[in-house]
Amino acid sequence: MEDMAGCHRWQQKKRGKGSISKSRRHLLLHCLPSIASPTSLSLLPFPPPPPPLTDLLRVVSRRLVLATKTQSITTMATQEEECMGSVKAQLAKIFEASLKVTVPNEPDVEPLIAACTGKFGDYQCNNAMGLWSKIKGKGTQFRGPPAVGEAIKNNLPTSEMIESCSVAGPGFVNVVLSKNWMAKSIQKMLIEGIDTWAPMPPVKTAVVDFSSPNIAKEMHVGHLRSTIIGDTLARMLEFSKVKVLRRNHVGDWGTQFGMLIEFLFEKFPNFEDATETAIGDLQAFYKASKLRFDSDPAFKERAQQAVVRLQGGEEKYRRAWAQICEISRTEFHKVYQRLGVHLEEKGESFYNPYIPGVIEGLMKQGLVEESQGARVIFIEGVNIPLIVVKSDGGFNYASTDLAALWYRLNEEKAEWIIYVTDVGQQQHFDMVFKAAKRAGWLPQGDNSYPRASHVGFGLVLGEDGKRFRTRNTEVVRLVDLLDEAKSRSKAALIERGKGEQWTEEEIESTADAVGYGAVKYADLKNNRLTNYTFNFDQMLNDKGNTAVYLLYAHARICSIIRRSGKDIEELMNKGTLVLEHKDERDLGLHLLQFAEVVEEACTNLLPNVLCDYLYNLSEIFSKFYSNPECKVIGSDKETSRLLLCEATAVVMRKCFNLLGITPIYKI
Ligand code: ARG
């Protein structure tokens, strides 16, 4: 039922209940005390001032306008509203109208709509039982849940969506959708585009903090997972018309830079010449400098001095730091380029100037306490405190994350901030979010906005069931891993004789799409919280739930359309889609469910929900296509069935697009 609640909240945007403005006002009001004037702590540039009061008033008055509008909404959903959102959302509107008439004394009952698993309908409304327990004994005419269900059914406004309704068991209202309406809706999507099926989350701006490797350290499979999952989440939000700030929160600040800079000076007296080729492997460089740091006290001393000089802004040290960052960046970029992932870097160093002011604000609110020489925030229910200033006066990972959260909420006006890291960091984020709630930066409830969410994921395992590593080296170079996926898929294409039939360019681009797509899909199809085993043979198999199978399935549909020799654009506008046969109707229903599935995947930040949908879609399509009764080319239903093929291809392509996978059109 969780997703239903989410679904209902998301509709509020369209109905104008103003969930954003409410939370925005909350944010502004509560941020005011935390952003006082510059203080003794803030030796560095202070964060810019909070939004002026006029903004606040504008927001409050907008909320008032919205509130007035809401009151004028009648019990009948308007024609325009009825056509918006997923099937589930549209049914919810119709049922909401019925509920208002059925139980006029129970205001704001949220319609509970779910897709049916049984054979009595396509969807069901599950409100009767819950309502009965609320109204029992209040002197209504009802005598139990079935009667409530019966009344909900009878009070439904007429709608062309619904063919028939029936009440089952303790008041479940089953709905059979009208085939005509279904066919019309699919054809409408074909004409107007799949964007009309996009979710409508109640936020304008979101931050997705993902990938985020550390400079000079290994970019490992965990960062690969974060990159793949984060990109998908960003794509789903972008599809939903949310402005997404794709943030690469790289670890580019901290004491290790003193050591790296000093080592750089030592190895390269003309350090500016120390390019990537000269240094070679930056990870090896890191290890060597660490060894030096641990074994030579004089070096250690110099390294510690170097941190001070770097943080004091000394030119030479800043330049050396920038150079080390740049070399790492080139390395990271190779991975992003292969995956086609776009990110904007705002590393830890970016937030450094904001830390003192933010902590000062928290201190003024009385949230920061002294503990063993450090400054900490105690969090209810957690036995260790969140350290915000270390005992040596320095800042840490948590101080940076607090400043970054402050910045994202107040400067970037993000309403949803999503962090994608391994589950190991869950407690860290839990504490940061709770501290932000104590400070009033975030509302108390987890379901209101602005919202911060941690998207955790499990480990990548090797065949041996242990943490994934390659044969001889300790770590896996991600670029090598991706290159291997590509070369294996290229070899498979050659083996299938494509070397003779296709151009070199076609082979290359198909191998890219299949190879990288396979790596991404293998990661995304599992619930992200579980560990998964990295296995090339499995992910590159052309049977089963793999990207290869799905990409081929899509290419096959495209070839059916090509073989028909028909102009699909023309059919869309002049022909008619009908859903007569059971297999056609099943396929149509699944296509229509795309909107609510993306919404669920997006609300709960679960890409695997979309993968399941995509896999089922190709299975349901196969059932339709392989049924001799549903012959496509040359049958008297050719036009309609070609349109159904096209709709399937369009939806599959959108799924691929959201998963960051490039579709292929021929095999
Ligand atoms: N650099 C960190 C790591 O490699 C991930 C950063 C995640 N984002 C954040 N805002 N803390 O573990």
Side-chain angles (χ1 to χ4, degrees), residues 206-234 244-257 260 282-283 286 321 324-325 328-329 331-333 335-336 341 343-355 358-359 377 379 386-388 390 395-412 414 416-436 441-442 450-460 467-468 475-478 528 605:
V207 165
V208 182
D209 175 324
F210 69 112
S211 194
S212 307
N214 301 315
I215 301 287
K217 290 192 193 158
E218 165 211 356
M219 184 178 186
H220 51 71
V221 277
H223 295 119
L224 181 69
R225 282 208 88 176
S226 174
T227 310
I228 293 171
I229 297 170
D231 180 52
T232 298
L233 298 176
V244 180
L245 308 173
R246 297 164 154 260
R247 289 286 174 258
N248 204 357
H249 190 88
V250 296
D252 64 354
W253 205 243
T255 44
Q256 82 270 25
F257 278 96
L260 286 165
L282 203 53
Q283 270 177 59
Y286 180 90
W321 167 76
I324 294 169
C325 292
S328 266
R329 214 170 271 137
E331 201 51 41
F332 302 157
H333 184 74
V335 173
Y336 301 143
V341 171
L343 277 145
E344 280 161 347
E345 184 179 319
K346 264 198 182 13
E348 291 179 5
S349 63
F350 176 86
Y351 303 100
N352 202 48
Y354 294 88
I355 299 175
V358 167
I359 290 179
I377 299 180
I379 310 287
L386 184 70
I387 300 176
V388 295
K390 294 187 288 181
F395 301 129
N396 61 8
Y397 192 54
S399 340
T400 308
D401 262 327
L402 281 171
L405 181 54
W406 181 89
Y407 184 88
R408 290 161 177 180
L409 288 167
N410 294 280
E411 292 300 314
E412 300 185 311
W416 197 1
I417 302 157
I418 297 164
Y419 299 80
V420 189
T421 77
D422 61 276
V423 282
Q425 295 195 37
Q426 190 177 316
Q427 188 181 53
H428 162 77
F429 285 108
D430 189 45
M431 289 171 84
V432 170
F433 299 165
K434 285 196 172 130
W441 298 358
L442 295 173
R451 179 188 302 186
S453 310
H454 177 237
V455 172
F457 54 78
L459 295 174
V460 184
R467 209 180 259 270
F468 187 57
V475 294
V476 183
R477 269 183 31 108
L478 296 186
R528 56 178 163 73
L605 305 167

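Keep in mind that the numbers below use all heavy atoms, side chains included, and drop hydrogens, waters and symmetry copies. Just follow the structure's listing: the first ligand is 1, and inside any ligand the first atom is 1.
- For S212, the side chain to side chain contact (heavy atoms under 4.5 Å, CB included) partners two or more places apart in sequence, or in a different chain, are D209, N248, H249.
- Within 4.0 Å of ligand 1, protein heavy atoms belong to D209, S212, N214, H223, H249, Y397, D401, Y419, T421, Q425, F429, listed by chain and number.
- Residues satisfying the ring-ring contact (aromatic ring centres under 6.0 Å, His included) test with Y419, not counting sequence neighbours, are F429, F433.
- Remark: the backbone N or O of W253 is not paired with any side-chain donor or acceptor of S349 at under 3.5 angstrom.
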Q. So N396 and S399, side chain to side chain donor-acceptor pair (under 3.5 Å) or not? Walk me through it.
A. CA-CA 5 Å; N396 61 8; S399 340; 2.7 Å; yes

Q.
With side chain to side chain contact (heavy atoms under 4.5 Å, CB included) as the criterion, how do K346 and E412 come out once you've worked through the C-alpha distance, each side chain's angles and the decisive distance to 0.1 Å?
A. CA-CA 12 Å; K346 264 198 182 13; E412 300 185 311; 3.7 Å; yes

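- Under the rule for a ring-ring contact (aromatic ring centres under 6.0 Å, His included), H333 has no partner lying at least two apart in sequence or in another chain.
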